[in-house]
Structure formats: structure tokens, C-alpha cells
Trainee: 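There's a structure below that I have some questions on.
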Amino acid sequence: MTLRPLLAAALLTLGACAYPYTPPSLPPVTAPASPAPSPAAHAGAAAPTARAPVPTPVTILVSIDGFRPDYLARGVTPRLSALAAGGVSAAMRPSFPSKTFPNHWTLVTGLVPDRHGIVANRMEDKARPGETFTMATDDPFWWNAAEPLWVTAERAGMPTATMFWPGSNVAWGGMRDPARPHERAGVRPRDWQQYNEAVSDRQRVEAVVDWLRRPPEARPRFVTLYFDEVDTAGHDYGPTDQRTLASVAAVDASVGRLVDGLAALGQSANLVIVSDHGMAPIAPERRIAIESIVPATDARVVESGPYATFAPLPGRDAAVAQALLRPHPHMACWRKEALPARFRYGRNARVPAFLCLAEDGAAGGWILARNATDEATHRGAHGYDNDSPDMRALFIANGPSFAAGERLPTFDNTDVAPLLRDLLGLPAGVGLDGDVAPFRRVLRR
Ligand SMILES: [Zn+2]
């Protein structure tokens with residue numbers, strides 16, 4: 001078996017980005033899990049009776065970044081389609097903005113981005129002048145507004161383990177002391193890994209199965225697993241390209257290896273398989289040059305792409321308002337306070353003063369480009385209106401707690417964290433933006 005040494009080596013390698021980001025040079029705090037494999041697993045014979053007592057179901061939250069629910073209809077997903085057929089499925093509505101970090105944090109907190117504070121993949125905060133949050137930022141300051149599920153579970157005495165998830169490398173609730181290299185206090189999952197795209201999907205699955213080989217008392221009760229490659233291919237080639245479908249097929253096979261690994265261990269599991277957002281087709285002819293509308297002498301562009309945000313320079317607010325707050329072809333602009341209520345976005349101080357949203361029509365999405373080269377080579381994007389059909393996200397739930405063959409109407413992804421709390425036997429959260437109600441009909445007790 002070379003997988004485990006490879007995994008260990010890969011985890012120490014500072015590779016390219018996949019959220020995408022460049023990992024900071026912190027080693028994993030916990031050692032990679034690798035207790036001795038069980039004889040049953042390696043004999044290739046499923047022998048659950050050899051492992052007593054019957055394990056408590058583990059709850060495994062799987063994210064396949066950028067996976068459109070209609071990828072299940074392309075004939076390349078035998079394992080995911082079987083899990084959907086044997087469980088519960090839906091096309092889920094992401095939160096606005098339909099970006100990776102805001103939605104992953106919503107999935108594990110049950111709050112919309114405006115309330116959990118990860119309002120964008122890239123953002124600023126007046127309390128930290130000169131600093132910009134990026135997908136590499138692990139300072140708890142940016143994350144502390146909402147408690148993620150693994151912290152709630154750890155505090156309830158349940159071991160948790162994360163094979164990547166945005167924010168799972170953060171010492172949550174802690175505070176970074178600039179005078180010292182590491183954070184003060186803070187809670188992380190019992191086992192976690194510093195994000196590294198170089199760790200293959202096979203190694204990620206192997207790590208999860210290894211964690212579940214542990215004796216029952218040391219076995220995690222809540223596990224996350226994250227796959228990035230479908231999103232990367234979707235951006236590079238667009239959602240209909242054969243190369244994107246090849247990535248979909250590859251991740252489907254990885255999910256199959258997880259299911260087979262669980263079966264070989266006799267490990268009962270509730271699988272909740274989601275994506276953070278969908279993927280819209282884009283094209284070079286559907287681009288708007290925003291710096292020709294708002295010159296750099298009037299505002300800083302904080303983000304660009306399917307939506308753009310603007311921070312006016314001192315004394316230039318009226319000029320920015322005049323340039324943006326009028327009809328534009330293929331985009332709409334608002335002051336943050338005036339965003340449509342259904343976005344549930346704009347009250348957080350981290351949201352810049354003005355936001356423009358590009359159209360995502362039948363032909364695909366428009367791009368608000370900072371300049372001529374910005375995203376010019378991409379063929380897919382996300383970040384559009386979270387109710388756009390192109391932005392719909394995957395939801396599949398399968399396991400002893402779920403009915404079989406049930407299709408749910410579209411619900412908001414704020415409902416996933418309340419569902420996970422229910423599966424784990426944690427108290428319902430207080431003041432969350434979601435609810436377990438959409439799942440009551442399909443939950444088995
Ligand atoms: Zn994403």
C-alpha cells in the first residue's frame with residue numbers, strides 16, 4: 001500500500017491552489033489518521049459481524065464543488081445516481097453570493113453569508129485596515145461570527161474529522177496574537193488537514209475510511225470530505241464540455257470508493273452529498289468592462305466576475321452612484337442597502353457600498369470584467385443570482401435515517417446545517433436561518 005505514505009508526503013507539499021488558494025506554511029496539527037487496517041477490510045470480504053458492537057451511524061458531509069444537479073442526468077454518475085435513487089435528492093438553492101467560501105460556511109453554520117460573516121471569497125473589514133481576506137486566510141477574526149458544526153459537535157463530546165472544508169483549518173473562536181506565531185485558544189476538528197489540492201481524490205477517500213477503522217470510542221461521528229475538481233473543470237471548459245463530464249465521472253468513482261470502503265468496514269453511515277453552487281456557461285463575447293463605467297479614480301473594485309463590488313474613494317460616493325445607479329445592458333446595480341430582500345445580503349459591514357450583478361440568461365452568464373484579461377479564458381462561472389437555474393446545487397442524502405426514492409422540492413442550503421444537527425442528535429440551533437422542516441417527510445426515526 002503506497003497510498004498512506006503518498007498522502008503524508010502530499011500533505012507536507014505546498015502545492016497549487018484548489019479552492020483555489022495557496023496553503024500557508026503551517027503543518028497539520030494532528031497526525032494523519034492511520035491506525036492498523038482491519039483484517040476484514042483487507043481480506044476484501046465484508047464481515048461486519050467481526051466488528052462488535054454494531055457502530056453508531058457516522059454522518060459524512062461530502063461537498064463536490066461546482067456540481068450542477070443536472071450532471072446526474074448525463075449518464076456518467078452510476079454511484080451518485082444510485083445513492084439518489086436509494087435516498088433523498090433535490091436541486092438546492094445556494095445562498096447569495098453563489099460563491100465557494102460563503103456557501104461552504106453556510107452549509108456548516110445554517111446562516112446566510114450576511115450573518116455568518118464570510119460574505120465573499122475576497123473581502124475587507126474596517127477593523128483590519130489594509131488587510132484583505134482571501135481563500136487562504138485562516139485568522140479566526142474573519143470566521144468567528146458563526147460557530148461551525150464541528151465545533152458544536154466537539155463541544156458536545158463528539159469526535160469530528162475533516163478531510164478538507166473551507167474554515168476547518170481555523171482555530172475557531174480563538175484570537176490571533178500578532179506577537180506570537182500561533183493562535184490563542186480556539187477549537188478545530190479533532191482531525192483536520194491543511195488544504196492541499198495535490199492530495200488526490202483517492203487519498204482523500206482513503207483518509208476518511210482510515211479514520212473509520214479506529215475503535216468505536218475514537219471513531220469520528222461527523223466527517224467532512226471535499227472534492228474540487230468538478231469546479232475547476234467547469235471553470236476551464238464550461239458545464240457541457242466532455243472534459244468537465246470526465247471530472248464528474250472521476251468524482252463519482254471516488255464516491256463509489258467511499259461507499260465500498262464503508263461497506264467493507266460494516267460502518268453504517270448517513271451520507272449528505274452537496275455542492276456549494278452550480279456553474280453557468282460563459283463566453284468571451286458576454287463581457288462588460290466595469291472600469292470603463294466606474295473609473296479607478298472613483299472607486300476600488302473589491303470583486304469582479306458574475307458580480308462586482310465597489311468601494312468608493314473618499315468624496316466620490318455621488319460620482320459612483322451616478323455611474324452605477326441607472327439602467328445598464330445585462331447587469332443591475334444597487335447600493336448595498338437596496339439589494340432585493342430575497343438575496344438576504346447587504347447589511348454586513350464587510351459588503352462594499354455598491355454591488356452590480358450580471359445577467360445569467362438562457363444563453364449563459366455575462367461577466368463583469370475588471371479589464372480585458374480578467375476571466376477571459378474561462379468557459380464557466382458562478383456567483384450569479386442564487387435563484388438562477390444555473391446556480392442550483394446538488395443535494396443527495398442516503399443512509400439509515402433517510403427514506404428511499406424521495407425527491408424534494410428546491411430548498412435553501414441554510415437548511416442543511418439544521419438537518420446535520422438533527423442527524424447527530426445535537427440540539428436545534430438558536431436563531432439559524434434554516435430549518436429541518438423540509439426534510440421531516442423523508443427522515444426515518
Ligand atoms: Zn465552489
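Whatever order the structure lists them in is the order used to number ligands and atoms, beginning at 1. Hydrogens, waters and symmetry mates are skipped; everything else that's a heavy atom, side chains included, is used.
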Trainee: Strictly under 2.8 Å, is the Zn ion (ligand 1) approached by any N, O or S atom of His382?
Mentor: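 No - counting backbone and side chain alike, His382 has no N, O or S atom under 2.8 Å.
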Trainee: In Asp65, the N, O or S atom nearest to the Zn ion (ligand 1) is which?
Mentor: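 Looking only at N, O and S atoms of Asp65, the one nearest the Zn ion (ligand 1) is named OD1.
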Trainee: Is the NZ or CZ atom of Arg128 both under 6.0 Å from the centre of the six-membered ring of Phe141 and within 45° of that ring's axis?
Mentor: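 Geometry flag: set, cation within 6.0 Å and 45°.
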Trainee: Within Thr100, is some N, O or S atom less than 2.8 Å away from the Zn ion (ligand 1)?
Mentor: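 Checking the Zn ion (ligand 1) against Thr100, an N, O or S atom does fall under 2.8 Å.
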Trainee: Does the separation of the ring centres of Phe310 and Phe354 fall below 6.0 angstrom?
Mentor: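 No, ring centres 6.0 Å or more apart.
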Trainee: Assess Asp231: does it contribute an N, O or S atom lying under 2.8 Å from the Zn ion (ligand 1)?
Mentor: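 So Asp231 does not count as coordinating the Zn ion (ligand 1).
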Trainee: Knowing that exactly one of Thr59, Ile396, Val255, Leu258 qualifies, which makes a side chain to side chain contact (heavy atoms under 4.5 Å, CB included) with Leu271?
Mentor: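 For Leu271, the side chain to side chain contact (heavy atoms under 4.5 Å, CB included) check succeeds only for Leu258.
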Trainee: How many degrees, to 10°, between Asp276 OD2 and His277 NE2 as seen from the Zn ion (ligand 1)?
Mentor: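 Angle OD2(Asp276)-the Zn ion (ligand 1)-NE2(His277): 100°, rounded to 10°.
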Trainee: Please state whether the rings of Trp165 and Tyr226 are parallel, tilted or perpendicular, taking 30° and 60° as the class boundaries.
Mentor: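 Trp165 and Tyr226: perpendicular rings.
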Trainee: So do the side chains of Thr414 and Asp435 get within less than 4.5 Å of each other, counting heavy atoms only?
Mentor: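 No. Closest side-chain heavy atoms not under 4.5 Å.
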